[in-house]
Amino acid sequence: MILYWIYIVITAFIFIMLMMEFWKEDDWRKQIAIAMVMVVFILRILQIR
Amino acid sequence: MDYQLIILIAMLAMFVLGVIKLKLPAGVSLMLAGVVGALVGGEGLPLRHLVEGAFGFFEPILIIAVGMIFMELLKSRGVLASISVGSLKAFHRFPTLLIIALAVFVMFPGTMTGLATMSILTTGALALPLLIAMGMPKLSAGSLVVMLSVCGEVAPPICVPAMIIGGGVDMPYIGLAKPLFLASFPIAIILSLVYRFKYLGRVDLDEITRKLEFGEEKLQSRLDFIPLVFVIVYMVGETMLHGYFIHLGIPLIFAIGILMIVGISIFTGGGVSIFKVSGAGMKKAMPVMAILAGVGIFLEILTLTGVRGYLTVNALFLPDALKYSIAMMMPFLGSAYGSASIIGVPLLYVFIGKNELVVTSGLVLMASLGDLMPPPSLLCSYAAQMLKEKNHFKILRRSLWPIIFALIFGLLILIFATQIANIIL
Amino acid sequence: MTLEKKHISAAIILIAAAVISIITGRQFLAKHYPETFYPSPGLTRTGKLSDYFSGLQGTENDSRVYFFEGEEEGSTVLLLGGTHPNEAASGLVAVLVLENVEVTVGRLIVIPRANRSGFTVNDPMEAHPQYYSIPTPNGERRFKYGSRLTSPLDQWPDPLVYSHRPSGQRLSGFETRNLNRAYPGRPDGSLTEKTAYGIVQLIKKENVNVAFDLHEAAPEIPIINAIVYHEKAEEVALNAIFELEMEGISVSPELSPSNFHGLSHREWGDYTDVYPFLMETSNPIQGRLRGETSAELIVEGVSPEYRMALESGALQIAYKETGEPIERRVARHVTCFRRVIEAYNQLGNKPVILENLPEYEDILQNGVGAYIVAGK
């Protein structure tokens, strides 16, 4: 169970990094690509999927 | 024309349109192809399926994200450069031995994780500048490294595509080591030797060291090797000697490596900006992460609309020669995991009666080539990124003969599966 | 601060992503409700798996256990449904038995949702529906359709390689969430291993004599329309199969391989005194050859692609031209279940007598819905 929460923390860290890259990204096309991955990460972090 | 065929064509058309006309990233184009497939298939806009599909390769996505940050940090501390130079110094008198050692070195992370991407991003990244400095043309070095990464993915002990096929037919992951070894190491060695005799002459250590411009990426401290050693040892330990190592999983092993680097940099000075470097890593990992999410969506919609079943069933009607041709098609799905699951699993049934372990290893080899094929051309685009080459198709083109060679090798394994099994098993 | 163009597009894309997350998130969360069952008047008591292993308390897999105890003493039978929540007939048969059975001699224990966690998710890339409905005379009854594996929200991350305890057998990492690769289970293991351990403890503490693990498989899987038995239960299995063949129900006998570990038919038999039986029917939605994937496919079992494959003769598949409808799959399971118990009784063991269960033809004619409560 500890491992589970550590993984949630890792996922959250990656999500934050994705978010930062998302705001820095100039090209809307690449913004969509990042957003696709962000959806997956946020649903896991919030323990929804 | 069958309706499923129309759906498939619509999906492929959307993908091509997305990549070429709209200049969208491959991952986004795959998602849009999924949306179009669902619409044409009369499924409306199945949001849940799109998101569900994107979860298909969540674990590899996580591994790539964390692994990339780890490798970027190692690079910023000069560890990678110093390994390249070190191995060169050790082996420069024996170029043949050097290149075989390099081949095994490049394959190593893939053999441990069953993910070709891991090879190309870690040891592949180390080997590339070395090969180029030794006189190998840029594109050829790229093509050798991507082929070796594929071999690493196939090689035992961990081969995820074989696990995917086994999981699809309820075959335990047992007894595959020898067949997988046969499907990977000979190819790696043969290709390395061909490249060595074609491109490399005598190795002039001084000249190469001069050419290798690592500039500011000087090794900060010898302690910086500790995280790399830890990551390698723990990965080997967890997979081979799992009785003695607590299960952490690759993402966490990398994460611990990251924390170690940060700790060492505080201790020894030199500093490291974790957020800046992580951001750079994330930028590099982003295309693959999106592709993996996109492939998952694409596959989910193929399944939802029945195109997957349609393709599989039609394969059954084919005469023997064509069955082998279908196997030859596996790389063209553009994803090792995707084609192992979509084509590999049903093909194992098609070839029933032959030794299933050997057949699996042949199929895995052919499926794994998918990682360098378009649409995503994952491995090639990574190699291109490292080589600062804009057009990754150039690397793919240079890899044409090695790919054909590997495909034929895989085909021969399939055809002579029974005989091979009698000899090696 | 000037609003840059990239921030406008970022905001729009972010809102879109948030909307998608919220819509789909609600659909994912909606699967976490507990399913309601309507046990027959024959129910004498209920319990939970945590009664047998406290480590399951408070987890998703603290499944409910239903007891049907006869007036007369006899043997004890365990019926397990929902080991793999994507094998619809398995969970449905357990519900049908639960909502009809009367036990006069001996005891019947039913666990209709062995791996409840698996019912809360679906497998990515399989395009499975979240639910399916069975028409009953009083309206439709909705059931959850789940994943073969424990939810990653209850057990994460998977190891690279799943090493089964205590055999040391290695399997793909994701199999660590497969309940039917986890037996005999471990009290300090993963949730899946704990669940397996709890079930084995129940078998031991309740002195279960005969145990059933219901499954379905893709039509192309070699072990199908089969009863898999442990060697010590061979006589019972073969007698039952003989009886079934006489009735025109073809069932292939499969001896549990002694070297394939973690499965109920192997480990229940090796670690307890029970006679274990695992039964398989053919479910097209699990197959690789299936066409359009939908809830109808679960219920009607009609896939033109399988028909084509059948006609091609290229594969050994268990698929009838008219499809593999849920009625027939449920009827097979119910009948096999009954015949095995009868064979067990006839071999001079302390008997178990179950009553008020429909016959094979009844289920085929009236449909499954005639034997379950409509629900809400």
Side-chain angles (χ1 to χ4, degrees), chain A, chain C residues 1 3-32 55-61 117 120-125 130 146-147 149-160 173 176-177 188-194:
Chain A
M1 219 43 207
I2 302 166
L3 202 55
Y4 177 87
W5 288 107
I6 291 173
Y7 269 74
I8 293 289
V9 170
I10 294 175
T11 311
F13 174 74
I14 301 294
F15 180 77
I16 293 166
M17 296 311 304
L18 284 172
M19 197 75 186
M20 283 164 62
E21 281 308 303
F22 179 76
W23 277 110
K24 275 193 263 169
E25 182 58 59
D26 296 321
D27 186 351
W28 60 270
R29 299 172 178 86
K30 288 184 183 159
Q31 286 175 345
I32 298 178
I34 303 175
M36 268 170 74
V37 180
M38 275 174 20
V39 169
V40 175
F41 274 74
I42 193 70
L43 288 175
R44 178 55 58 89
I45 295 165
L46 297 177
Q47 333 252 312
I48 292 173
R49 172 65 180 78
Chain C
M1 193 185 103
L3 202 57
E4 288 180 55
K5 198 173 148 200
K6 69 174 180 182
H7 288 141
I8 298 173
S9 66
I12 294 169
I13 291 165
L14 205 57
I15 289 169
V19 169
I20 291 170
S21 303
I22 291 168
I23 294 174
T24 58
R26 288 173 64 107
Q27 289 173 306
F28 293 130
L29 284 177
K31 279 198 85 173
H32 285 264
L56 286 168
Q57 210 153 30
T59 70
E60 187 71 45
N61 274 2
S117 167
T120 62
V121 280
N122 292 93
D123 295 319
M125 303 197 289
Q130 290 185 295
S147 156
L149 308 170
T150 303
S151 165
L153 292 181
D154 294 313
Q155 187 180 325
W156 190 50
D158 293 341
L160 279 173
T176 189
R177 287 183 285 128
D188 53 350
S190 66
L191 178 64
T192 313
E193 286 174 312
K194 284 179 179 170

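Below, each value reflects all heavy atoms present in this structure, side chains not excepted, and no hydrogens, waters or symmetry copies. Throughout, protein chains are lettered first and strands after them, A, B, ... in sequence-line order, and every chain is numbered starting at 1.
Looking at C:Thr120, there are no atoms closer than 4.5 Å to chain A (heavy atoms on both sides), in backbone or side chain. Both the backbone and the side chain of A:Ile8 come within contact range of chain C, each with at least one heavy atom under 4.5 Å from a heavy atom of that chain. With a 4.5 Å cut-off on non-hydrogen atoms, C:Leu191 does not touch chain A at all.
Heavy-atom minimum distance, A:Leu43 versus C:Gly25: CD2-CA, 4.2 Å. Nearest heavy-atom pair, C:Lys6 versus A:Gln31, reported as atom, atom and distance to 0.1 Å: O-NE2, 3.1 Å. Across all non-hydrogen atoms, the minimal contact from C:Ala10 to A:Phe22 is O-CZ, 3.4 Å.
Using bins of under 30°, 30° to 60° and over 60° for the plane-to-plane angle, the ring pair A:Trp23/C:His7 lands in the tilted bin.
The distance from atom CD of A:Gln47 to atom OG of C:Ser151, rounded to the nearest 0.5 Å, is 10.0 Å. To the nearest 0.5 Å, the span separating CD1 on A:Ile48 from NZ on C:Lys31 amounts to 15.5 Å. Considering OG of C:Ser9 and CZ of A:Arg29, their distance stands at 10.5 Å, rounded to 0.5 Å.
Ranked by heavy-atom pairs under 4.5 Å with chain C, the first of A:Glu25, A:Lys24, A:Arg44 is A:Arg44.
Proximity of C:Ile13 to A:Met36: side-chain heavy atoms (C-beta onward) are nowhere separated by under 4.5 Å. With contacts defined as side-chain heavy-atom distances shorter than 4.5 Å, the pair C:Phe28/A:Leu46 does not qualify. Side chains of C:Leu153 and A:Tyr4 form a contact here, defined as non-hydrogen atoms less than 4.5 Å apart.
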